[in-house]
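A note on names: the letters A, B, ... follow the listed sequences, proteins ahead of strands, and every chain is numbered from 1. Everything numeric here is computed off the predicted structure, so don't read it as measured data.
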Amino acid sequence: MLSALKTIWLVLRHMFHRRVTVQYPETSNYLAPRYRGRIVLTRDPDGEERCVACYLCAAVCPVDCISLQATEDEHGRRYPEFFRINFSRCIFCGFCEEACPTYSIQLTPDNEMSEYKRKNLVYEKDDLLISGPGKYHDYNFYRVAGLAIQGKDKGEAENEEPPVDVRSLLP
Amino acid sequence: MREIVFHLLVVVCVLGGTLSMAGALIWLERRLLALWQDRYGPNRVGPFGLFQPVADAIKIFTKEDWIPPFADRAVFVAAPAVIVVTVLMSFAVVPFAPGVWVADLNVGLLFLFGMSSLGAYSLILAGWASNNKYSLIGGLRAAAQTISYEVFMGLSLMGVVMLAGSFSLRAIVEAQQGVWFCVTQFPALVVFLIAGLAETHRLPFDMPEAESELVAGFHSEYSGMKFGMFFVGEYLAITLLSALATVLFFGGWLGPVLPPLVWFVLKTGALICGIILLRASLPRLRFDQLMSLGWKILLPVALLNIVVTGAIALLGK
């Protein structure tokens, strides 16, 4: 009996506690920069597309929501002819971001992407490409790695930096 | 002529007032429960979420009105109406303010007991007509609970009747001019409130519908506005219980400065909030605990209260 009265008193005192509800559309929870939300395609610092259409993201995607077609420009550089993500399938696992060798595909903290029509959840390259470099401001794939071809080793071409010694601890 | 118009007006106001009170209570209960659980509750529809019951009503009216093929059709349809009708009938004898009542029966209290006993049929018949074992168990529990707690509820009020010397609710309020019965009849007040909660099968006494064990008990098979009738009936019953406690123990419309009707509404509202607080804090009893609480504690307390009150009343003469 006494315990029941104590319970009632305890509950009554909760009247003066702070309410824990987050009133969502007006205020929203803090989302960390590495929160896995809407997927974007980024550009390198020169404003060129980073994506080299290697298909690794499409291969690693567990729900097969990424579809793209590779093509080459006049310099022989690969880029995606189309790049399509079906967000009604996407589970935001971030595997594509991990697989990407050029930091092109990145996940952002934006999660407000509801649509009335399911069709609108299929994002084309125009919808995915952003104008900036995303999380990696100075990274340019072609400058860092390069490719050894006849008469030129890695990092010897114009505007190319020599490759990092991966066996060294020093930066 | 003017008398008749006034009385008709009172009837309409009581009917409209109690029914809209039931709607408002749905909002109030959700907001208060949220307040005590550190949440907000419905606050989107209209100012402070006040139109939430309207949205709920539109939704429940447009729901499919489904009668299971195995149910006893006629009884199934009639059962939800019984509880609303009996509770609304009970409001007929409640005196809201001097002169503001639908009927001043000299057996008002007995009429109330009769109506609340009839209300038990609603749950029993609903459980039976659903032709579903969980509903039937819920109906059985409702029957046992309502019939046993009817006893203590009646007995607890005999002390009040002795002191007031009348079964008329108006006379009982007027007998509290000096000191309210909640002081002189405190054990009766406790027994009455517990029995009343059991009668309205509210938490912590909602064994007839215990979601965790009986799905939803007697109303498992009900949907749409038929379920809505049970819902409205329950909230009307809460209002009735609070109004009765106000009339019987807290001096009804009596109070300084403010007009009588305001005092009545304030007291009733405070009691309703108390009942909601009980729901927010106490867990549901087991059925055998409910029965032993009733027969082993409340019955002796009520009887002792009658004996002592009777002795004092006789000595005072």
Point to revise | Engaged part of B/L278 at the chain A interface, taking heavy atoms whose separation is under 4.5 Å | key: side chain
State whether the number of non-hydrogen atoms from other residues, nucleotides or ligands found under 6.0 Å of [X] atom [atom1] is greater than 12.
X      : atom1 : result
B/F113 : CZ    : yes
A/K135 : NZ    : yes
B/W295 : CH2   : yes
A/D73  : CG    : yes
B/F186 : CZ    : no

What closest approach, in Å, do [X] and [Y] show between heavy atoms, and which atom pair accounts for it?
X      : Y     : value
B/W36  : A/H14 : O-CB, 3.4 Å
B/D38  : A/H17 : OD1-CB, 3.4 Å
B/S281 : A/T7  : O-CG2, 3.3 Å

Review point. What do the steps show when you test A/R19 against B/L35 for side-chain contact (heavy atoms from CB on, under 4.5 Å), and what is the final call?
Key: CA-CA 8 Å; A/R19 309 196 196 204; B/L35 176 66; 3.2 Å; yes
Check your understanding: What part of A/R13 is in contact with chain B, defined as an atom under 4.5 angstrom from a non-hydrogen atom: side chain, backbone, both or neither?
Key -> neither
